[in-house]
Amino acid sequence: MPDRKTYKIAHVRKWCKDCGICVAVCPRKVFEIDRNDRQAIVNPQDCIGCQMCVEHCPDFALNVTEDKSDA
Amino acid sequence: MPDRKTYKIAHVRKWCKDCGICVAVCPRKVFEIDRNDRQAIVNPQDCIGCQMCVEHCPDFALNVTEDKSDA
Amino acid sequence: MKMSNLRSERLPNIWCPGCGNGIVLRSLLESVEQLGLDTDKIVVVSGIGCSSRAPAYTNFDNVHTLHGRAIPVATGIKLANPDLTVIVLTGDGDSSAIGGNHLIHAARRDVDITVIVFNNFNYGMTGGQASPLTPVASVTTTTPGGNTDRPFDLVNLTAGAGATYVARTGIYFTKHMLDHLKKAIAHRGFSLVDVIAQCPTYFGRFNRKGDAGQMIVSQKDWLVLKSVADKKSPQELAGKIVIGEFVNIPPPGPAVVPEGQV
Amino acid sequence: MKMSNLRSERLPNIWCPGCGNGIVLRSLLESVEQLGLDTDKIVVVSGIGCSSRAPAYTNFDNVHTLHGRAIPVATGIKLANPDLTVIVLTGDGDSSAIGGNHLIHAARRDVDITVIVFNNFNYGMTGGQASPLTPVASVTTTTPGGNTDRPFDLVNLTAGAGATYVARTGIYFTKHMLDHLKKAIAHRGFSLVDVIAQCPTYFGRFNRKGDAGQMIVSQKDWLVLKSVADKKSPQELAGKIVIGEFVNIPPPGPAVVPEGQV
Amino acid sequence: MDNGRFELRLTGSGGQGLILASIIVAEAAIAEGKVVTQSQVYGAEARGGTTKAELIISDRHIAYPKVTDPDLVAALTNEGLKQYGGGISRKTVVVIDSSTMALPESLNEEACKTLLALPIRNATVEKLGSELGLNVVLLGIIQGLTEVVSVEALRTAVSLHVKKQYVDLNMRALDLGIEMVRESATTGIRI
Amino acid sequence: MDNGRFELRLTGSGGQGLILASIIVAEAAIAEGKVVTQSQVYGAEARGGTTKAELIISDRHIAYPKVTDPDLVAALTNEGLKQYGGGISRKTVVVIDSSTMALPESLNEEACKTLLALPIRNATVEKLGSELGLNVVLLGIIQGLTEVVSVEALRTAVSLHVKKQYVDLNMRALDLGIEMVRESATTGIRI
Amino acid sequence: MPRIALMQGNEAVAEGALAAGVRFYAGYPITPSSEVAEVMARRMPQVQGVFIQMEDEIASIMAIVGASLAGKKVLTATSGPGFSLMQEGLGYACMIEAPIVILDSMRYGPSTGMPTKVSQMDLMQSRWGTHGDHWLIVYSPSSVQESYDLTIRAVNMAEKYRTPVVILSDETISHLREPITIADVSPTVDRRLPAERAGYLPYKTDATLVPAIANVGTGFRTSFTGLVHSDTGFQTANGHVAEALITRLRDKLLSKLDDIIELEADRVEDADITFISFGITARGVAEAVDVLRTRGKKAGSLRLVTLFPFSDDRIRKAAGNAPTIVVPELNSGQLVLLIKRVFGDSRRIVPLNKVNGDLISPADILNFVAEEKL
Amino acid sequence: MPRIALMQGNEAVAEGALAAGVRFYAGYPITPSSEVAEVMARRMPQVQGVFIQMEDEIASIMAIVGASLAGKKVLTATSGPGFSLMQEGLGYACMIEAPIVILDSMRYGPSTGMPTKVSQMDLMQSRWGTHGDHWLIVYSPSSVQESYDLTIRAVNMAEKYRTPVVILSDETISHLREPITIADVSPTVDRRLPAERAGYLPYKTDATLVPAIANVGTGFRTSFTGLVHSDTGFQTANGHVAEALITRLRDKLLSKLDDIIELEADRVEDADITFISFGITARGVAEAVDVLRTRGKKAGSLRLVTLFPFSDDRIRKAAGNAPTIVVPELNSGQLVLLIKRVFGDSRRIVPLNKVNGDLISPADILNFVAEEKL
Ligand SMILES: Cc1ncc(C[n+]2csc(CCOP(=O)(O)OP(=O)(O)O)c2C)c(N)n1
Ligand SMILES: Cc1ncc(C[n+]2csc(CCOP(=O)(O)OP(=O)(O)O)c2C)c(N)n1
Ligand code: SF4
Ligand code: SF4
Ligand code: SF4
Ligand code: SF4
């Protein structure tokens with residue numbers, strides 16, 4: 001996908017409670033609750049920056065910003 | 001006024017507080033607050049039995065019944 | 001009317017000359033009489049205030065509680081013995097100031113009690129302070145410059161809380177008052193009647209409403225029947241209070257949610 | 001969004017995994033940010049409950065009061081210093097059970113405070129008992145057979161009490177929530193926003209609402225925008241809750257009654 | 001005013017202005033450098049019931065603030081006298097309003113120093129046109145009988161409590177009271 | 001179980017079923033004619049935090065109801081052991097879940113009688129298919145280690161607390177725990 | 001046949017109340033008492049009783065007062081903050097002589113304090129929390145069994161003396177699980193009711209000083225008011241009546257101390273050091289006394305099962321003659337104030353206080369005795 | 001120039017508060033305190049202050065707490081029933097250290113009792129009404145002048161020690177009119193405020209033990225909670241912090257008894273009989289002592305101006321050596337319980353109680369002394 005913006009997903013592990021809300025609200029299945037009941041960022045490349053996860057994370061544990069590193 | 005009904009107005013003096021409500025609500029000026037600030041029944045003969053005074057007396061001090069004594 | 005339910009041995013009552021409370025009391029006694037209720041099964045419950053002394057003049061069981069607390073006591077009585085007719089006699093302060101929470105919760109729960117508010121727009125018993133029903137600009141001992149707080153509209157408040165019967169009436173309109181008290185008492189579920197009464201000693205005097213007689217007769221001028229008011233514009237109704245029946249939701253059939261369903 | 005008003009040194013917060021409170025908190029912080037308010041002049045006041053712990057995570061002055069008593073404290077603060085923006089963060093129990101009277105009186109007086117109700121339909125902090133907003137038939141620790149008491153509709157209740165701004169929103173609808181929080185805070189006079197949040201630990205678990213993610217996403221199904229709801233029949237709306245702005249009365253110009261007039 | 005102390009009790013029914021009357025005497029006494037304590041009973045919230053106002057005037061600190069040994073008791077109703085006649089003794093002067101009250105039989109020569117029955121209400125209505133000012137007439141009577149405060153001090157105190165347009169009326173009321181005492185020396189019923 | 005008294009403490013995080021586990025042991029002990037007191041701490045209203053459940057089993061009346069001198073401490077999290085490791089002494093057997101916990105350095109030979117590190121979580125997931133039943137596995141471990149209650153009593157107590165369809169699973173869990181202790185004699189890490 | 005069941009203190013209070021005939025519960029949840037409400041919510045429907053969750057604690061106490069007047073045996077449960085809110089209603093119940101029972105499970109205060117931590121800080125409040133002169137009974141359980149038994153007793157005493165009874169428990173006992181013995185039938189007492197409608201005077205009393213007031217709805221046309229009232233139940237401002245009423249309210253309890261007061265003395269006769277304590281603290285004391293005795297130290301314990309009425313006399317007699325009296329309690333010193341009054345300068349009275357949210361353990365007591373060289 | 005004005009006790013409390021800088025009043029009317037609200041309703045607008053009538057007493061105390069946190073000096077006034085309702089809020093104010101002043105004008109209780117009759121029945125409640133360990137200051141005026149002066153003092157003490165202060169007055173003093181002397185300017189004390197935002201810790205204290213907490217809205221981002229809290233003002237369930245907090249709350253007052261406690265002794269030095277009393281009752285005592293002295297009986301009086309903190313020590317010292325101590329009070333015996341504790345068996349402690357709604361007059365005392373052969 002040329003020209004498509006990419007995003008950096010920052011996750012504050014020590015604030016996260018692995019509640020799975022990000023998993024439920026993300027339209028792109030970026031997150032997963034893994035076998036250890038832990039939140040995991042599995043498909044960061046699919047992120048479209050919609051901020052659903054950020055706005056619904058009750059623990060302020062997510063931040064999604066446009067990745068300008070390769071721009 | 002032939003045939004016109006007449007009424008007996010019973011007044012319980014010891015319950016009456018001379019508030020003057022009967023004076024105000026009576027359509028026929030049957031009552032008066034006299035010079036001594038006391039309630040007085042001055043025109044009993046004009047009573048039409050409407051019960052306005054009875055129903056508005058806050059002290060249960062009035063009773064108006066049809067006078068059948070001369071019937 | 002025979003006043004068989006009047007506890008006449010306790011008369012004269014403690015109220016001031018011209019106080020409207022006795023007129024509401026009379027109407028209550030008459031409604032009970034006309035409804036043909038079993039007087040052994042009636043409990044009148046009140047809070048604290050001039051109006052809350054009313055139960056003492058009825059020949060029913062009576063419970064004079066704490067300021068604002070008649071409704072939870074009444075709730076306890078009714079739930080403990082659902083056969084009883086439980087009637088709360090309360091003042092505007094008692095019911096809507098300190099007792100406001102109980103009022104809205106009883107309305108919400110639709111407890112089958114009847115609340116009769118002796119609404120004289122102020123706290124009579126403590127010397128004429130403002131109540132939550134004191135109209136804007138009225139003078140009371142705690143609003144010497146005129147009340148600036150907006151009053152509740154008890155009808156809106158209790159309807160908003162979920163009451164299933166709400167009416168308003170005025171002591172001048174004795175027939176109207178009697179009718180609505182009867183309907184409220186007969187109503188199954190929470191019912192409230194806001195009865196516009198009068199306190200000539202304080203509210204009347206401070207606001208130059210004239211003597212007791214003038215105060216009562218003037219209700220003709222500033223109370224408007226709902227049927228009439230419905231046809232008027234807000235401007236025409238400025239300064240007036242509408243009386244009539246505002247909410248009358250019949251009780252639902254069987255309990256809303258059968259136990260098994262949940 | 002920068003979260004400059006988040007007291008991040010106090011994170012992680014005490015709430016359960018998936019609790020909705022943090023989402024409301026975030027929205028509050030964002031609304032204050034977007035409104036550009038002077039953060040030195042903001043006081044957040046709360047009662048007791050899980051939700052009432054929210055102020056501790058804001059970098060504003062915060063006052064954690066007693067169960068149900070945030071509103072009178074907020075009233076005291078606001079009247080003592082009208083320059084301040086005073087925001088009450090409260091739970092459904094805190095605001096509408098024990099605090100119900102203060103709620104309706106603040107609405108009546110139109111005190112210029114904003115009340116944000118974190119409405120999770122139960123008492124979270126004490127272990128999931130029923131609140132006055134618990135829907136009929138819901139299971140809680142004090143309604144093991146399903147709730148039979150009718151809940152308040154906070155919108156009707158506060159509108160009936162005289163509130164000048166009332167809205168309802170849900171935490172799934174973050175933009176909607178943010179918009180209405182901003183409008184409420186900006187409103188001059190009493191404002192309330194009923195925010196449908198979630199308690200997966202108790203209400204969700206007892207009522208089989210699924211996990212936190214399912215609970216939040218399901219708001220799409222049972223919360224209906226007012227604009228949409230206005231076009232629907234009561235039957236179509238059964239089991240749904242309508243969100244949107246319900247009351248928005250602009251403040252009157254000068255004081256209703258000039259001193260001299262009375 | 002034995003040992004520099006004077007105890008006054010006024011009784012009647014609510015609305016007769018007795019509390020105000022006692023306050024006015026108190027203010028007059030203060031203006032003359034006296035110490036006072038003024039008090040009243042509040043009925044059990046009933047309105048228009050019987051009331052009592054009390055005043056102690058003294059040259060020095062007053063410890064116990066209630067009247068126990070009244071020098072003067074003025075009653076405007078029999079009920080008031082009945083309820084609040086406690087403590088009347090051989091030193092007490094009792095004033096009653098003979099226009100509205102029956103002579104209290106109990107108050108014979110043994111019971112009090114003097115019983116003075118004056119037609120207070122009738123005189124007020126007759127001379128001042130209405131009952132308005134009756135409590136000030138009573139003030140005049142108190143002054144006339146006891147001189148516990150000066151007429152001047154009383155005039156000043158009264159005028160502080162009435163609207164301008166009524167000052168005149170009230171001064172006449174005061175004079176009327178003083179006059180009634182004077183006349184009573186010859187015409188009033190002293191028992 | 002010196003002098004007829006046994007003190008047990010379980011610690012871990014909320015939701016692991018430790019309180020229920022302690023209740024089940026309590027019920028088993030009661031069925032065998034013992035006296036018990038069971039208690040727990042409630043965190044400062046925070047959820048999912050560290051918890052502790054305590055149980056005293058005794059032949060006779062128990063006065064002070066809290067564990068002060070534990071015979072057995074079983075911990076499912078390091079945080080739990082840290083917060084509620086108080087009172088561990090030379091008489092104490094300490095069990096930890098080696099699948100999720102680091103070996104606590106403080107618990108050397110001086111500090112306790114035995115430190116037994118068992119892979120409780122892993123074994124549970126492996127043998128029973130999920131973490132469900134972990135607390136019952138722990139019960140088996142407790143039984144296996146102490147025999148403070150009989151296996152039979154424990155089986156009965158467990159079955160009173162689970163739905164019919166899960167009885168089987170739980171009995172297997174119990175057995176697994178007992179088995180783990182038995183094996184640990186040879187394979188478990190005892191320090 | 002009596003059965004044995006493992007239950008929490010809170011559950012025991014609920015079950016004890018049910019066994020005593022309580023059929024009306026109104027309450028408002030609060031840690032650490034909420035389980036009482038939760039048990040009642042489940043159990044009341046099973047016994048045709050009423051459970052209602054009210055809008056707050058004020059409504060809760062007023063609702064049980066109402067139900068009591070309608071003839072039910074009633075209970076509410078709360079903790080410090082809620083107990084503070086109930087104070088006005090409690091005084092009302094004293095004044096109208098409504099039989100009601102209130103559990104106050106003490107947590108750490110003041111104010112919201114530490115909701116999940118134990119304390120014994122409401123001791124004085126349980127006696128003096130409401131305004132005006134009043135008297136009531138306060139019981140203090142030390143175990144789950146006693147939570148059950150004393151609740152039955154509280155309900156019975158409330159009915160017998162037409163008085164509010166407070167069960168002053170605490171967070172630890174509320175949440176402690178112990179096996180208790182439950183009798184098939186428990187002794188119950190019902191309030192005395194009037195027989196004759198003619199000449200019925202609700203507050204007229206005989207030698208018992210306890211009025212036989214009719215329940216509402218039974219045709220007696222009875223009257224209740226929190227104002228000073230005469231025998232009729234109607235208000236009066238008569239000073240003599242007021243004095244007689246207040247005096248009777250006092251004497252109806254203070255003349256029955258034999259029936260009301262329970263004190264548990266353990267080895268005080270020959271003690272050199274006696275501990276006076278109540279509630280959960282007494283259990284640490286019991287163990288410490290045992291240990292001290294094994295160490296040759298003559299220790300004894302007096303446990304106050306009934307906290308109020310508090311009889312200086314009885315406590316003086318029951319406490320034995322130890323020259324040193326230690327008063328351990330989970331507060332900054334409340335019971336010790338009363339004990340000082342009881343003994344004046346005749347003994348050495350030593351307070352032992354703990355205010356960190358933990359219990360006073362046997363070790364704490366032993367250390368204290370050692371450190372203070374008692 | 002000081003001026004003299006005739007006013008009622010209630011008016012004096014209101015005017016005293018205004019003189020002390022009170023600019024926020026929230027209240028709910030109740031006999032016999034309502035005039036305070038009425039005066040404030042009139043006077044507050046004149047001084048740019050705020051008067052608000054709240055929906056009940058709970059809201060009243062919480063509103064003054066709020067206003068206090070926003071920097072105002074505040075007052076509310078009530079009587080027994082309202083004071084009972086305020087108890088939870090009072091404990092909150094103790095815990096967060098909010099300077100507030102409450103007038104409780106005592107009427108006859110319990111419950112609604114006799115609203116227009118005097119009593120001294122809330123004495124113990126003023127100390128123990130709320131749950132949990134707490135400390136506060138209680139003053140008791142005996143005259144209208146003292147109602148004025150002690151109100152100023154109460155406001156100052158509240159600010160100085162960041163504590164609730166109760167003025168425990170009564171129906172008689174509230175309605176008594178006496179001339180009082182009003183100074184042009186009254187001594188006022190303002191709460192200490194923090195200087196530095198950097199490193200600001202609201203509950204960090206120095207040797208004074210009184211924290212310098214910022215007012216809200218001043219940029220300090222301060223935090224208040226009724227939960228146990230650390231120096232930061234934020235909640236903790238740490239037992240050590242809890243213990244330290246409770247201990248400091250106690251010591252900040254108990255270490256300043258010289259400043260807080262005022263006792264008025266009159267001729268106790270050589271007395272054979274000493275009366276210990278407070279409030280209105282002390283005035284009957286004063287007259288009785290005079291009479292007894294003229295009769296050759298060596299009588300003395302100790303009047304407690306400060307009721308709480310109650311220092312056994314100071315009272316023992318101030319009371320002199322009379323072998324007989326009479327404790328007259330308008331209740332069934334409350335102060336006497338404390339006095340018994342103070343003196344143990346070393347003196348004869350005689351209660352003199354009146355509970356009919358009237359005052360204890362000098363004659364009552366003289367008769368009592370005669371009848372009891374004291
Ligand atoms: C807890 C409490 N607060 C305040 C009071 C004082 N009080 C008695 S009656 C009353 C107000 C009465 O007003 P309302 O209910 O309108 O009745 P009214 O006297 O006007 O009939 C008040 C404030 C009280 N008795 N108890
Ligand atoms: C006077 C008083 N009563 C009861 C409580 C116990 N209590 C604390 S929080 C709470 C209910 C909280 O429910 P809600 O306001 O809905 O908040 P949530 O915890 O659900 O966010 C209760 C009953 C208390 N702290 N104080
Ligand atoms: S920003 Fe949107 S797409 Fe990206 S991870 Fe979050 S929810 Fe998923
Ligand atoms: S209305 Fe009744 S109380 Fe009033 S004056 Fe007439 S009779 Fe008397
Ligand atoms: S004060 Fe007002 S309400 Fe009370 S009795 Fe008098 S007129 Fe009626
Ligand atoms: S109990 Fe409920 S409301 Fe409280 S933190 Fe947990 S999820 Fe949130």
Side-chain angles (χ1 to χ4, degrees), chain G residues 58 79-81 83-85 87-88 90-92 94-96 104 106 108-117 119 121-122 124-125 127-134 225-228 237 239-240 242-243 246-247 249-250 312 331-332 334 337-338 340-341 343-346 354-358, chain H residues 58 79-81 83-85 87-88 90-92 94-96 104 106 108-117 119 121-122 124-125 127-134 225-228 237 239-240 242-243 246-247 249-250 312 331-332 334 337-338 340-341 343-346 354-358:
Chain G
I58 299 176
S79 179
F83 195 47
S84 288
L85 288 173
Q87 291 302 330
E88 196 200 7
L90 182 59
Y92 178 67
C94 290
M95 190 62 151
I96 65 166
D104 172 19
M106 292 181 283
Y108 193 100
S111 198
T112 321
M114 296 196 294
T116 61
K117 297 286 173 103
S119 91
M121 292 177 172
D122 306 350
M124 290 297 258
Q125 183 194 27
R127 172 66 187 94
W128 299 110
T130 191
H131 64 282
D133 278 358
H134 65 285
T225 179
L227 289 163
V228 165
H240 300 291
E243 186 171 349
I246 286 288
T247 309
L249 289 175
R250 182 190 68 200
D312 292 21
N331 58 43
S332 303
Q334 297 189 19
L337 297 174
L338 305 179
K340 278 192 183 157
R341 186 181 75 211
F343 293 101
D345 308 325
S346 67
K354 193 158 177 177
V355 290
N356 66 0
D358 289 337
Chain H
I58 299 176
S79 179
F83 195 47
S84 287
L85 289 172
Q87 290 303 329
E88 197 200 6
L90 182 59
Y92 178 67
C94 290
M95 190 63 152
I96 65 167
D104 173 18
M106 292 182 284
Y108 193 100
S111 196
T112 323
M114 296 197 293
T116 59
K117 296 286 173 103
S119 91
M121 292 176 172
D122 305 351
M124 290 296 258
Q125 184 193 27
R127 173 67 188 92
W128 299 109
T130 192
H131 64 283
D133 278 358
H134 64 284
T225 179
L227 290 164
V228 165
H240 300 291
E243 186 171 348
I246 286 287
T247 308
L249 288 176
R250 181 190 68 199
D312 292 21
N331 58 44
S332 303
Q334 297 190 18
L337 297 173
L338 306 179
K340 276 191 183 157
R341 187 181 75 212
F343 293 100
D345 309 324
S346 67
K354 193 158 177 178
V355 288
N356 67 0
D358 289 336

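Summarising the geometry of H/D122 relative to G/G132, their closest heavy-atom pair is OD1-N, 3.1 Å, with the distance given to 0.1 Å. In terms of heavy-atom proximity, H/G129 sits nearest to G/Q87 at O-CG, 4.3 Å.
For the side-chain hydrogen bond (donor to acceptor under 3.5 Å, both in side chains) test, residues two or more places apart in sequence or in another chain that qualify with H/R341 are H/D312. Residues passing the side-chain hydrogen bond (donor to acceptor under 3.5 Å, both in side chains) test with G/S111: none are found, sequence neighbours excluded.
When the candidates H/H240, H/H131, H/K340 are compared by the number of heavy-atom contacts under 4.5 Å with chain G, H/H131 comes out ahead. Here G/E243 is the residue among G/R250, G/K354, G/E243 with the most heavy-atom pairs under 4.5 Å with chain H. When each of H/P81, H/G80, H/A242, H/G109 is checked for heavy-atom pairs under 4.5 Å with chain G, H/P81 comes out on top. Among H/G239, H/G344, H/G226, the residue making the largest number of heavy-atom pairs under 4.5 Å with chain G is H/G226. Top candidate by heavy-atom pairs under 4.5 Å with chain G, chosen from H/D104, H/L85, H/I58, is H/L85.
Remark: side-chain polar atoms of H/S84 are not paired, donor with acceptor, to backbone N or O of G/T130 under 3.5 angstrom. Between the side chain of G/Y108 and the backbone N or O of H/V228, no donor-acceptor pair lies under 3.5 Å.
Contacts between H/S332 and chain G at a heavy-atom distance below 4.5 Å involve backbone atoms as well as side-chain atoms. Contact of G/F83 with chain H is not made at all, since no heavy-atom distance falls under 4.5 Å.
Once rounded to the nearest 0.5 Å, the distance linking CD of H/E88 with OG1 of G/T112 reads 7.0 Å. Rounded to the nearest 0.5 angstrom, G/Q125 CD and H/Q125 CD are separated by 9.5 Å. With rounding to the nearest 0.5 angstrom, the CG atom of G/L337 is 8.0 Å from the CZ atom of H/R127. Here CG of H/N331 is found 5.0 Å from CG of G/D133. Values are rounded to the nearest 0.5 Å.
Put simply, the side chain of G/I246 reaches to within 4.5 Å of the side chain of H/P110, judged on heavy atoms.
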